[in-house]
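Quick note on labels: first sequence line is chain A, next is B, and so on, each numbered from 1. These figures come from a predicted structure and were not determined experimentally.
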Amino acid sequence: MIDLNLLRENPDAIKASQRARGADEALVDQAAAADVAYRAALREFEGLRAEQNAFGKTVATAPKEQKQALVAQAQEMAAGVKAADAAAGEAEKALNELLWQIENVVIEGIPAGGEDDYVVLKHVGNKPEFNFEVKDHQVLGESLDIIDIQRGVKISGSRFYFLKGWGARLELALMNLALDKAAAAGFTALITPTLVKPEIMAGTGFLGAHADEIYYLPADDLYLTGTSEVALAGYHRDEIIDGLGEGTHRYAGWSTCYRREAGSYGKDVGGILRVHQFNKLEMFVYTLPELAEAEHERLLAWQEAMLQACELHYRVIDTAAGDLGSSAARKFDAEAWVPSQQTFRELTSTSNCTTFQARRLNIRYRREDGKTAPAATLNGTLATTRWLVAILETHQQADGSVRIPEALRPYLGGQDYIRPKA
RNA sequence: GGAGAAUUCGCCUAGUGGCCUAUGGCGCACGCUUGGAAAGCGUGUUGGGUGCAAGCCCUCAUGGGUUCGAAUCCCAUAUUCUCCGCCA
């Protein structure tokens with residue numbers, strides 16, 4: 001949720017942000033008007049309530065013979081108060097409905113435009129060269145007997161798979177490497193629930209335009225999360241976080257993630273690039289608003305260290321305003337080179353949600369002056385199942401084997417290559 | 001799944017329709033006292049909203065209701081605990 005003070009003092013800044021996103025600019029004026037109407041209705045109610053409270057004391061202390069007349073008078077008053085209360089409630093609801101539709105104010109200077117208007121910040125590493133015909137990860141996965149798509153489809157339908165043998169172990173190795181790196185950087189490990197209540201899903205901003213991406217269990221009124229970000233953001237919901245002034249709170253959440261991939265029919269159909277279920281280690285940070293941008297750079301640096309440990313060629317892009325999620329004020333994606341596709345594919349994403357998400361979830365900290373204020377939240381991927389695609393393809397050898405990056409070997413009993421069965 | 005009990009300010013707790021504008025303790029903060037500390041004494045200590053301000057309004061798990069007036073009475077929901085049943 002946007003800052004009400006900003007709406008009152010500088011609505012043009014919010015309009016500019018909505019414009020950059022290609023979102024509805026008119027919402028801003030509508031919300032500002034609803035805010036004025038709400039405050040007027042609230043003052044009306046509070047004035048009447050104050051009168052009623054004062055009168056109630058008169059009734060309570062009045063002598064018996066006067067009481068009946070006073071009660072009759074109070075009855076009339078009560079009706080007026082009730083109506084004013086209802087009107088204020090309606091006005092507040094109308095305001096909130098508008099406020100919740102306005103997306104986070106983007107950070108000044110980020111690229112304008114849509115999905116294709118990102119700015120490439122850097123390329124790292126060298127494009128892998130092959131003196132043989134490269135195989136895609138699906139072919140590699142089958143020939144090495146480490147990814148079983150067919151049986152995944154048999155039991156669960158399209159976009160499901162089994163990781164098998166070294167494939168399963170490689171994913172766990174990747175997650176463990178990421179977790180060790182996160183722990184070394186001061187993150188607290190968390191294994192999170194993947195079923196969450198509607199208010200948590202809504203608070204994190206996932207029930208907006210992309211609600212059809214999410215699995216929902218009507219019998220229990222629970223949502224399956226597409227990222228542990230949801231649980232990690234909900235973790236401190238309705239809390240005033242202790243000690244945030246003394247230090248940023250960093251969590252590394254591991255969970256399985258579920259995505260319906262509605263509307264992506266025919267896109268990335270082969271292999272495990274786009275699947276309904278995968279695992280992810282997610283960084284999630286609670287910090288002071290003024291530290292958020294520096295923390296965002298740090299999250300990106302940790303992601304890059306992980307990509308480099310996996311010996312991948314990648315680029316970093318600064319996502320354009322129109323391609324940001326509603327909660328994000330800025331987003332960096334790191335995309336790894338996928339040899340079979342001769343293109344870069346997203347492996348990590350890190351978003352600075354400033355105070356937007358915290359305001360929706362009522363997550364605050366105590367400032368030096370003793371007042372409470374919404375915290376800033378940020379998130380970023382540290383490892384996912386999708387990384388196997390880039391790792392397998394990048395490190396494939398002429399003989400059909402795959403070289404395991406050095407950093408992962410300690411987690412695989414020292415294994416250096418995954419070789420096809422003889 | 002069934003029966004019962006509970007939910008009050010960080011923690012414990014008083015409170016059974018109007019002097020509740022919520023009690024007391026612990027903890028915490030500040031001050032006095034002290035050579036320094038402890039003890040003792042004093043003061044403060046839930047959040048939110050609105051208003052230039054004084055102030056006012058809301059907040060006793062949540063949402064409804066009864067009433068002139070609700071922490072208190074009624075209904076629903078959530079959570080926790082105990083017992084029983086079922087399952088692993």
Subject >> Base-pairing mate for B:A70 - Watson-Crick or G-U, with both contacts under 3.5 Å >> reply: none
Original post:
Using purine N1 to pyrimidine N3 plus N6-O4 or O6-N4 for Watson-Crick, or N1-O2 and O6-N3 for G-U wobble, each under 3.5 Å, what pairs with B:A88?
Top reply: none
Original post:
Which nucleotide in the set B:U50, B:C68, B:C57 lies at the smallest distance from any side-chain heavy atom of A:Arg39?
Top reply: B:U50
Subject >> 5'-most by nearest nucleotide on RNA chain B - A:Lys371 or A:Gln75 >> reply: A:Lys371
Original post:
Does a donor on one side chain and an acceptor on the other come within less than 3.5 Å for A:Asp333 and A:Ser349?
Top reply: yes
Original post:
Donor-acceptor pair under 3.5 Å: do we get one between A:Glu46's side chain and the base of B:G49?
Top reply: yes
**OP:** Using a heavy-atom cut-off of under 4.0 Å over every strand shown, decide if A:Asn53 touches base, sugar-phosphate, or nothing.
**Re:** sugar-phosphate
**OP:** May I ask which nucleotide in the shown strands pairs with B:A6, Watson-Crick or G-U wobble, both distances under 3.5 Å?
**Re:** B:U79
**OP:** Please state how far atom CG in A:Asp238 lies from atom C1' in B:U79, giving the value in whole angstrom units.
**Re:** 14 Å
Original post:
For B:G35, which nucleotide is its Watson-Crick or G-U wobble mate, given both distances must be under 3.5 Å?
Top reply: none
**OP:** Could you tell me which nucleotide pairs with B:C28 by Watson-Crick or G-U wobble geometry, both distances under 3.5 Å, or answer none if nothing does?
**Re:** B:G44
Original post:
How many Å lie between CG on A:Leu4 and C1' on B:G51, as a whole number?
Top reply: 16 Å
Original post:
With both distances under 3.5 Å as the test, what is the Watson-Crick or G-U wobble partner of B:A22?
Top reply: none
Original post:
Applying a 3.5 Å limit to both distances, which nucleotide forms a Watson-Crick or G-U wobble pair with B:C60?
Top reply: none
Subject >> A:Asp242 atom CG: more than 12 heavy-atom contacts under 6.0 Å >> reply: no
**OP:** Could you tell me the separation between the CG atom of A:Leu232 and the OG1 atom of A:Thr377, rounded to the nearest 0.5 Å?
**Re:** 10.5 Å
Original post:
Hey, does A:Arg8 reach any base, or is it just sugar-phosphate, or nothing, if we go heavy atoms under 4.0 Å?
Top reply: sugar-phosphate
**OP:** Check every strand shown and say whether A:Lys197 touches a base, only sugar-phosphate, or nothing at a heavy-atom separation below 4.0 Å.
**Re:** nothing
**OP:** Please test A:Glu171 against A:Thr385 for side chain to side chain donor-acceptor pair (under 3.5 Å), starting from the C-alpha separation and ending with a verdict.
**Re:** CA-CA 6 Å; A:Glu171 180 179 285; A:Thr385 303; 2.6 Å; yes
**OP:** Looking only at side-chain atoms of A:Arg364, point me to the closest of B:U50, B:G47, B:C57.
**Re:** B:G47
Original post:
Base, sugar-phosphate alone, or nothing: which one does A:Phe45 contact when heavy atoms must sit under 4.0 Å apart?
Top reply: sugar-phosphate
Subject >> Any-strand Watson-Crick or G-U partner of B:G17, both distances under 3.5 Å >> reply: none
Original post:
With nearest nucleotides of RNA chain B determined for A:Arg366 and A:Glu51 from heavy-atom distances, which residue corresponds to the more 5′ nucleotide?
Top reply: A:Arg366
